[in-house]
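The block underneath contains the structure these notes are about, expressed in structure tokens.
All values reported here derive from a predicted model rather than from experimental measurement.
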Amino acid sequence: MSEYRPRTNDCVITKWMNGDHARNHRNSLRSVSYPNGSAELFSYGLKIAERTVTGSLIIADFTAPADGFHSMTTSCHVNLTKVHAVREGAIIMHPKVWECSPMSDSRPF
């Protein structure tokens with residue numbers, strides 16, 4: 001059950017990149033994993049990223065420069081995710097493209 005204990009934001013993002021469950025101490029950043037190897041990353045209730053079954057990392061750029069601002073905390077979560085995941089070849093999607101794609105659909109958890 002150690003995967004359910006609160007973690008730092010950096011650790012939650014690393015867990016998401018590896019397809020594992022994790023959450024931070026405030027429950028504002030959460031990684032939800034699935035048996036097929038995919039995982040979703042949420043800032044509050046907003047899905048901000050997905051790890052596909054093949055391990056590809058896709059991030060929605062919900063920040064002010066991309067015209068997708070939701071909150072300061074969400075912008076911080078997105079920017080921190082970009083810092084970690086871009087090193088691994090992540091794809092950054094414009095918020096309008098993200099919202100039109102099937103990736104924006106979140107599964108119930």
Side-chain angles (χ1 to χ4, degrees):
M1 275 259 219
S2 64
E3 67 269 24
Y4 296 110
R5 77 171 194 256
R7 302 194 180 264
T8 64
N9 289 344
D10 289 312
C11 188
V12 172
I13 292 165
T14 300
K15 290 282 200 179
W16 164 74
M17 290 171 57
N18 293 323
D20 296 324
H21 277 300
R23 66 174 181 86
N24 69 1
H25 68 288
R26 300 179 84 177
N27 271 331
S28 61
L29 185 63
R30 179 185 311 212
S31 171
V32 179
S33 65
Y34 299 96
N36 66 2
S38 66
E40 298 173 322
L41 188 64
F42 292 87
S43 177
Y44 297 106
L46 178 67
K47 183 176 169 184
I48 61 169
E50 180 161 334
R51 179 186 190 274
T52 67
V53 175
T54 61
S56 298
L57 306 172
I58 298 96
I59 304 164
D61 195 3
F62 288 116
T63 61
D67 202 26
F69 181 82
H70 279 260
S71 72
M72 286 300 294
T73 304
T74 294
S75 290
C76 289
H77 291 159
V78 169
N79 284 325
L80 189 58
T81 303
K82 287 171 19 179
V83 165
H84 286 280
V86 165
R87 294 181 210 151
E88 303 298 322
I91 297 167
I92 312 298
M93 274 190 170
H94 189 278
K96 291 183 180 178
V97 175
W98 175 265
E99 289 169 1
C100 293
S101 79
M103 296 233 173
S104 67
D105 297 335
S106 62
R107 297 172 221 162
F109 59 89

Note, Thr81 side chain near Leu41 side chain (heavy atom, < 4.5 Å)
yes

Given side chains that start at C-beta, do those of Leu57 and His84 come closer than 4.5 Å, heavy atoms only?
no

When you compare the side chain of Lys15 with that of Arg7, does any pair of heavy atoms fall below 4.5 Å?
yes

Mind running side-chain hydrogen bond (donor to acceptor under 3.5 Å, both in side chains) on Thr63 and Asp61 for me, showing each step along the way?
CA-CA 6 Å; Thr63 61; Asp61 195 3; 2.8 Å; yes

Please answer: with hydrophobic residues joined when any side-chain heavy atoms are less than 4.5 Å apart, are Trp16 and Ile91 in the same cluster?
yes

Could you check whether any side-chain N or O of Ser71 sits under 3.5 Å from a backbone N or O of Thr74, counting only pairs where one atom can act as donor and the other as acceptor?
yes

Give me the atom names and distance for the closest heavy-atom approach of Trp98 to Met93.
CE3-SD, 3.6 Å

Those residues that, when tested against Thr52, pass side chain to side chain contact (heavy atoms under 4.5 Å, CB included) (two or more places apart)
Thr54, Ser56, Ile58, Met103

Transitive ILVMFWY side-chain link Val78 to Val83, under 4.5 Å
no

Between Arg30 and Val12, is any pair of side-chain heavy atoms under 4.5 Å apart?
no

Atom NZ in Lys47, atom CD in Glu40: separation rounded to 0.5 Å?
4.0 Å

Between Arg51 and Met17 (side chain of the first, backbone of the second, donor and acceptor by atom type, cut-off under 3.5 Å), is there such a pair?
yes

Under the side-chain hydrogen bond (donor to acceptor under 3.5 Å, both in side chains) rule, what do Asn24 and Ser28 come out as? Steps first, then yes or no, please.
CA-CA 7 Å; Asn24 69 1; Ser28 61; 3.0 Å; yes

Main chain of Asp20, side chain of Asn18: is a donor-acceptor contact present, judged purely on distance under 3.5 Å?
no

Atom OG of Ser75 and atom CG of Leu80: how far apart are they, to the nearest 0.5 Å?
12.5 Å

Do Val86 and Ile13 belong to the same hydrophobic cluster, where Ile, Leu, Val, Met, Phe, Trp and Tyr are linked whenever their side-chain heavy atoms lie under 4.5 Å apart, directly or via other members?
yes

Using side-chain heavy atoms (C-beta onward) and a distance below 4.5 Å, is Lys82 in contact with Asn79?
yes

Can you give me the closest heavy-atom contact between Gly19 and Ala39, atom names plus distance?
CA-CB, 3.9 Å

Verify the distance criterion only: is there a donor paired with an acceptor across the side chains of Ser38 and Asn36 at less than 3.5 Å?
yes

Taking C-beta and beyond as the side chain, do Val32 and Phe42 meet within less than 4.5 Å on heavy atoms?
yes

